[in-house]
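In what follows, a structure is listed as structure tokens, so that the remarks can point back to it.
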Amino acid sequence: MPGGRLTQQDRQQIASGLADGLAYAEIARRLDRPTSTITREVMRNGGPTGYRAELAHRATERRAHRRRAASSRGAEARPQPHGRDAEAVREYEETLTTVFMASGTPKMMARVMACLCTDDAGSLTASELVQRLQVSPASISKAITFLESQGMVRRARDERRRERYVVDDDVWYQSMIASARGTALVAETARQGVGVLGPGTPAAARLENIARFLDFITESITRAANQAREVLYTKPEPTSSDTSPR
């Protein structure tokens, strides 16, 4: 990464850039850093409105201390297949976790989701998740229950009859459909309020407009998900590096 790890001065510049309304890409350009570095830094330290340079620097020092302590206990980065850089994978998992959190997913659920998404098989057992995330089985159980309720994870049995938690291609489609159903329920409930509050009143008009807006959003999400579903099963075109002779 250009320039090594972020310094306290770098973080001051990030805070100034956010205060000036600069995009992450522009802040990254000024610091000669990848945009992903700035995105990860901001999202795991309060987000664009809550980022504070001094607090972010202290939090980073605490995380580094915890990693050193974990390493001293033998919890080193696990070996990676396909020649991947283990540290780069760990950093990316943190970035993906913070993005999930920014979208409203609770922290532990976001960590489990990121772990599943970055696994080649897209499925892990509870014990594997416990080992990778260094958390209790109860935390994993709670996270899976939440993710399953949101249509983001499904359960399956492997050849040894072990329960595995899976995030496969169709999970994303089912998650969008579940989101659409939830939005439709809000629309329906808002419309019920029109009769309670009295048609023609300001509050009833507000609820009716909310219902009409959410009806449109629900229909759009459902239609788009159905139209794009096949994209989830389309294999990427091979790149030049994939087709070059070895």
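Bear in mind the structure is a predicted one, so any value in this text is a computation, not a measurement.
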| Full working for side chain to side chain contact (heavy atoms under 4.5 Å, CB included) between Glu41 and Tyr51 | CA-CA 9 Å; Glu41 167 69 17; Tyr51 185 83; 2.7 Å; yes
Go through the steps for Arg90 and Glu93 under the test salt bridge (Lys or Arg N to Asp or Glu O under 4.0 Å), then give the verdict. CA-CA 5 Å; Arg90 186 191 63 76; Glu93 284 186 5; over 6 Å; no
Worked check of side chain to side chain contact (heavy atoms under 4.5 Å, CB included) between Cys115 and Arg111:
CA-CA 6 Å; Cys115 196; Arg111 292 186 68 197; over 6 Å; no
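Using a 4.5 Å heavy-atom cutoff, the side chains of Arg164 and Glu128 are in contact. Between Tyr165 and Thr125 there is no side-chain heavy-atom pair separated by less than 4.5 Å. Proximity of Ser220 to Ile217: side-chain heavy atoms (C-beta onward) are nowhere separated by under 4.5 Å. Between Met101 and Met43 there is no side-chain heavy-atom pair separated by less than 4.5 Å. Counting heavy atoms from C-beta on, the side chains of Gln13 and Ile27 never come closer than 4.5 Å. Counting heavy atoms from C-beta on, the side chains of Trp172 and Val167 come closer than 4.5 Å. Contact check for Leu124 versus Leu116: side-chain heavy atoms found under the 4.5 Å cut-off. Between Tyr24 and Val42, some side-chain heavy-atom pair lies under the 4.5 Å cut-off.
Contact between Thr97 and Lys107 at its shortest, heavy atoms only, is CG2-O, 4.4 Å. Pairing each heavy atom of Leu214 with each of Ala187, the nearest pair is CB-CB, 3.7 Å. Nearest heavy-atom pair across Ala203 and Leu197 is CB-CD1, 3.7 Å. Between Ala190 and Ile210, the shortest heavy-atom contact is CB-CG2, 4.2 Å. Contact between Ala225 and Ile177 at its shortest, heavy atoms only, is CB-CD1, 4.2 Å. Shown here for Ala204 and Val194, the closest heavy-atom pair between the two residues is O-CG2, 3.6 Å.
Atoms CE and CE, on Met113 and Met152 in that order, are 4.0 Å from each other to the nearest 0.5 Å. Taken from CE in Met108 to CG in Leu147, the straight-line distance is 11.0 Å, to the nearest 0.5 Å. Within the model, atoms OG of Ser123 and CD of Glu163 stand 11.5 Å from one another, a figure rounded to the nearest 0.5 Å. Atom-to-atom distance recorded for Asp119:CG and Leu129:CG is 9.0 Å, nearest 0.5 angstrom. A distance of 11.5 Å separates CG in Leu22 from CD1 in Ile14, rounded to the nearest 0.5 Å. Distance check: Arg52 CZ to Leu18 CG gives 9.5 Å after rounding to the nearest 0.5 Å.
Applying the side chain to side chain donor-acceptor pair (under 3.5 Å) test to every pair with at least one member in residues 136-151, sequence neighbours left out, gives these pairs: Ser136-Ser139, Glu148-Arg155. Applying the salt bridge (Lys or Arg N to Asp or Glu O under 4.0 Å) test to every pair with at least one member in residues 197-218, sequence neighbours left out, gives these pairs: Arg191-Glu208, Arg191-Asp215.
For CD of Gln131, the number of neighbouring non-hydrogen atoms (other residues, nucleotides, ligands) closer than 6.0 Å is 12 at most.
The hydrophobic cluster containing Val153 also contains Leu133, counting ILVMFWY residues as joined when their side-chain heavy atoms lie under 4.5 angstrom apart, directly or transitively. Cluster annotation: Val171 is not connected to Val231 through the hydrophobic network of ILVMFWY side chains, with a link wherever side-chain heavy atoms come within less than 4.5 Å. Each of Ile38 and Val99 belongs to its own hydrophobic cluster when Ile, Leu, Val, Met, Phe, Trp and Tyr are linked at side-chain heavy-atom distances under 4.5 angstrom. Put simply, Phe146 and Leu96 are part of the same group of oily side chains (I, L, V, M, F, W, Y) that touch within less than 4.5 Å, one to the next. Grouping the Ile, Leu, Val, Met, Phe, Trp and Tyr side chains by contacts below 4.5 angstrom, directly or via other members, places Leu185 apart from Ile221.
In terms of modelled atom types and a separation under 3.5 Å, the side chain of Arg33 and the main chain of Ala28 share no donor-acceptor contact. In this structure, the side chain of Arg11 engages the main chain of Leu6 through a donor-acceptor pair within 3.5 Å. In terms of modelled atom types and a separation under 3.5 Å, the side chain of Glu230 and the main chain of Gln227 share no donor-acceptor contact. Using a distance-only test at 3.5 Å, with no hydrogens or angles considered, a donor-acceptor pair links the side chain of Asp158 to the main chain of Arg160. For the pair Ser179 (side chain) and Ser175 (backbone), a donor-acceptor distance under 3.5 Å is absent. Checked by atom type and distance alone, the side chain of Thr222 never pairs as donor or acceptor with a backbone atom of Glu219 at under 3.5 Å. Proximity of a side-chain donor or acceptor of Asp170 to a complementary backbone N or O of Tyr173 within less than 3.5 Å is not detected.
Under a 4.0 Å N-O distance rule, the pair Arg84/Asp120 qualifies as a salt bridge.
The closest side-chain donor-acceptor pair between Glu54 and Gln8 falls under 3.5 angstrom.
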